[in-house]
Amino acid sequence: GGSFTESSADLLLQMSPAKQQRILEAYFSEDVGLGFSMGRFHMGSCDFSLGNWSCVKEPEDAELKSFTIERYKRSILPM
């Protein structure tokens, strides 16, 4: 597998659908690519994010009631 970041996912979205397909096939296709069967992504921001952010919106939320993956829905999850 590989690691997928917010910035790489955002760059992928800026490409044509044909180029997106070619890149995803290069990672996941067993016939023409690396044949990855899984990938991972960061929880909260990382050094390859588009900014500093957290999946937990409230700083003192020990019970994670404000936990959300909303930020992932635009670019990371569609990958």
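Along the sequence shown, residues are numbered consecutively beginning with 1.
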Closest heavy-atom pair and its distance - [X], [Y]:
| X | Y | answer |
| --- | --- | --- |
| G44 | C55 | N-SG, 3.5 Å |
| F4 | H42 | O-CD2, 3.9 Å |
| S75 | A9 | O-CB, 3.5 Å |

Lys/Arg-Asp/Glu bridge criterion (N-O < 4.0 Å) met for E58, K65: no

Charged N-O contact under 4.0 Å between E70 and K73: yes

I69 and I76: CA distance, side-chain angles, deciding distance, side chain to side chain contact (heavy atoms under 4.5 Å, CB included) verdict: CA-CA 10 Å; I69 61 167; I76 296 175; over 6 Å; no

When rounded to the nearest 0.5 angstrom, what distance separates [atom1] in [X] from [atom2] in [Y]?
| X | Y | atom1 | atom2 | value |
| --- | --- | --- | --- | --- |
| S54 | F67 | OG | CZ | 8.5 Å |
| I23 | L12 | CD1 | CG | 5.5 Å |
| L13 | R74 | CG | CZ | 5.5 Å |
| S45 | N52 | OG | CG | 4.5 Å |
| L11 | Q20 | CG | CD | 11.0 Å |
| K57 | T68 | NZ | OG1 | 6.5 Å |

Within one Ile-Leu-Val-Met-Phe-Trp-Tyr cluster: L34 and V32, side-chain cutoff 4.5 Å: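 The answer is no; the residues belong to distinct hydrophobic clusters.
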
Joint hydrophobic cluster, L77 plus L50, side-chain heavy atoms closer than 4.5 Å: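 L77 does not cluster with L50.
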
Test item: side-chain donor near acceptor, D61 and S66, under 3.5 Å: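 Note: D61 and S66 side chains meet the donor-acceptor criterion.
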
Atom OH of Y72: over 12 foreign heavy atoms under 6.0 Å: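 Enclosed: over 12 neighbouring heavy atoms sit under 6.0 Å from OH of Y72.
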
CD/Q14: more than 12 non-hydrogen atoms of other groups inside 6.0 Å: yes

R71 side chain reached by E6 side chain, heavy atoms, under 4.5 Å: yes

Validation row: K19, L24 side chains within 4.5 angstrom (heavy atoms):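 No, their side chains stay 4.5 Å or more apart.
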
Under 3.5 Å donor-acceptor, S8 side chain and T5 backbone: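 Yes: the side chain of S8 pairs with the backbone of T5.
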
